[in-house]
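This report concerns only the one structure given below.
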Amino acid sequence: MSFRNVFAAARAFALILTFALSGFLASSEPASALTAAATVRDGNSIQLGDVTYRLDGVDAPELDQVCIDDHADPWTCGIEARDQLAKLINKRSVRCDDVGPEKSFGKRHRAICTAEGDKATLNEQLVKLGFAVAREPIKANVKPAAGEAKTASAGIWKGCFVAPQDFRSGKKDGALLGAACRQDRDKEIRAVLFPEELTMPPSCSIKGKLAVRARVTGNIGIYHLRGCPSYPATTKPDRWFCSEDDAQAAGFRKAYNCRRPK
C-alpha cells in the first residue's frame, strides 16, 4: 500500500472515530449538569458542592429585604423565601442543569434545578408559591407560574413589595407590586420598604454601601467586614450580606482599607 493510501485510510479512520465519540458524548450525562446535596444560600441561589447557581428565570427577595403583608405589617420576606426554597428541597439531592453565565451576579451561572423525585423544577415551584417573581430567563419557563401566583395573591403578592432588582439598586421610586398596595399610602409604604436602617439578618454581618466611586471598578457598592477600620464608621448600610461571595455576586467590592479579620 502506498503512503498516499495509508494516509487516506488513517484520515478516514480518524473521521469515523470522531463521529463515534461525538455520539457517545451526546448520549452521556452532560458536563453542565450536577447532582448533589444542596445548601440554600438565599431565595434563588443554591450551592451544590463548591458551585453556586442562581435559579434561571427567578428573582426572589433578598435576605435583608422587607415586604408588607396583607395586614399592613412589615415582614422579612427574603428570609421567608429562602426558607420556602429549603422546604421545597426538604434535604433531598438536587440536580442543576447549567444554562449559562449570570452576567449581573459575578461568576455564578444560571441553572434549572430539580429536587430528587420531583417533576416540576424548583424554579417553577418557588415562583408558583409566590415567593419569587419571574425575571428574564435563558431557558426556564416560569411565566405561567408567575401569572398564577399574582392572580391568587400568593406569597409576597398578598401584600406589597418592590421588585428585588429595584431593592438591590436602591430604586426607591420603583413600581409597587402586590394586592395590598395603596396609592393613597405611597409615601408611608415606601418608607417601610426602604427603612433608614435595615435590620441585619441572622449571621449576615457584612455591611454594604451603594457608592458612585465603586463604578470605576464596575461595581455598584462597597462592602465592609467586621474588624475593618471602615466597619464602625459605616452607618445605615444599604445592604447586609452573609458572605463575601454573596457581596461580590451582588456587585459590591471590598473596601480598600479592609483586611480579613485574624
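The figures that follow rest on heavy atoms only: side chains count, while hydrogens, waters and symmetry mates do not.
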For Tyr231, is the NZ or CZ atom of Lys207 found under 6.0 angstrom from the centre of its six-membered ring and inside 45 degrees of the ring axis?
-> yes
Treat each ILVMFWY residue as a node, draw an edge where side-chain heavy atoms are under 4.5 Å apart, and state whether Phe252 and Met200 are in one component.
-> no
One should read off an interatomic distance between Ile206 CD1 and His224 NE2, to the nearest 0.5 angstrom, of 11.0 Å
In terms of hydrophobic clustering (I, L, V, M, F, W, Y; side-chain heavy atoms under 4.5 Å; direct or indirect links), are Val162 and Val127 co-clustered?
-> no
Under a 4.5 Å side-chain heavy-atom rule over Ile, Leu, Val, Met, Phe, Trp and Tyr, are Phe161 and Leu63 clustered together?
-> no
For the Cys pair Cys160 and Cys67, is the SG-SG distance shorter than 2.5 Å?
-> no
Establish, from distance only, whether the side-chain atoms of Ser45 and Arg82 form a donor-acceptor pair under 3.5 Å.
-> no
Arg110 side chain near Leu55 side chain, heavy-atom distance below 4.5 Å = no
Does Trp157 have Lys128 sitting over its ring (NZ/CZ under 6.0 Å from centre, angle to axis within 45°)?
-> no
Knowing that exactly one of Asp83, Val94, Leu122, Asp118 qualifies, which makes a side-chain contact (heavy atoms from CB on, under 4.5 Å) with Leu88?
-> Leu122
Passes side-chain contact (heavy atoms from CB on, under 4.5 Å), Val66 versus Trp75? Steps please.
-> CA-CA 6 Å; Val66 177; Trp75 63 302; over 6 Å; no
Do Asp245 and Ser243 have side-chain N/O donor and acceptor atoms under 3.5 Å apart?
-> no
Kindly give the heavy-atom pair with the smallest separation between Phe241 and Gly208, and that separation in Å.
-> CE1-CA, 4.0 Å
Grab the two heavy atoms, one from Thr199 and one from Trp240, that are nearest each other, plus how far apart they are.
-> O-CD1, 3.8 Å
Honestly curious: do Leu210 and Leu225 fall in one hydrophobic cluster under the side-chain, below-4.5 Å linking rule?
-> yes
Are a donor atom and an acceptor atom from the side chains of Tyr223 and Gln248 found within less than 3.5 Å of each other?
-> yes
For Glu124 and Thr121 the tightest heavy-atom approach is N-OG1, 3.1 Å
Between Ile89 and Ala115 the two heavy atoms that sit nearest each other are CA-CB, 4.4 Å
Closest approach of Pro232 and Thr235, non-hydrogen atoms and distance?
-> O-CG2, 4.1 Å
Residue Lys150 excluded, over 12 heavy atoms near NZ under 6.0 Å | no
In terms of hydrophobic clustering (I, L, V, M, F, W, Y; side-chain heavy atoms under 4.5 Å; direct or indirect links), are Ile68 and Leu198 co-clustered?
-> yes
Output yes when a side-chain donor or acceptor of Thr217 lies under 3.5 Å from a complementary backbone atom of Ala214, and no otherwise.
-> yes
May I ask you to check whether over 12 heavy atoms, not counting those of Glu188, lie within 6.0 Å of atom CD?
-> yes
Kindly determine whether Lys139 and Asp56 satisfy side-chain contact (heavy atoms from CB on, under 4.5 Å), including the steps that lead there.
-> CA-CA 7 Å; Lys139 288 189 176 180; Asp56 183 42; 4.1 Å; yes
Step-by-step side-chain contact (heavy atoms from CB on, under 4.5 Å) determination, Arg190 to Leu176 = CA-CA 8 Å; Arg190 293 182 189 279; Leu176 297 180; 3.6 Å; yes
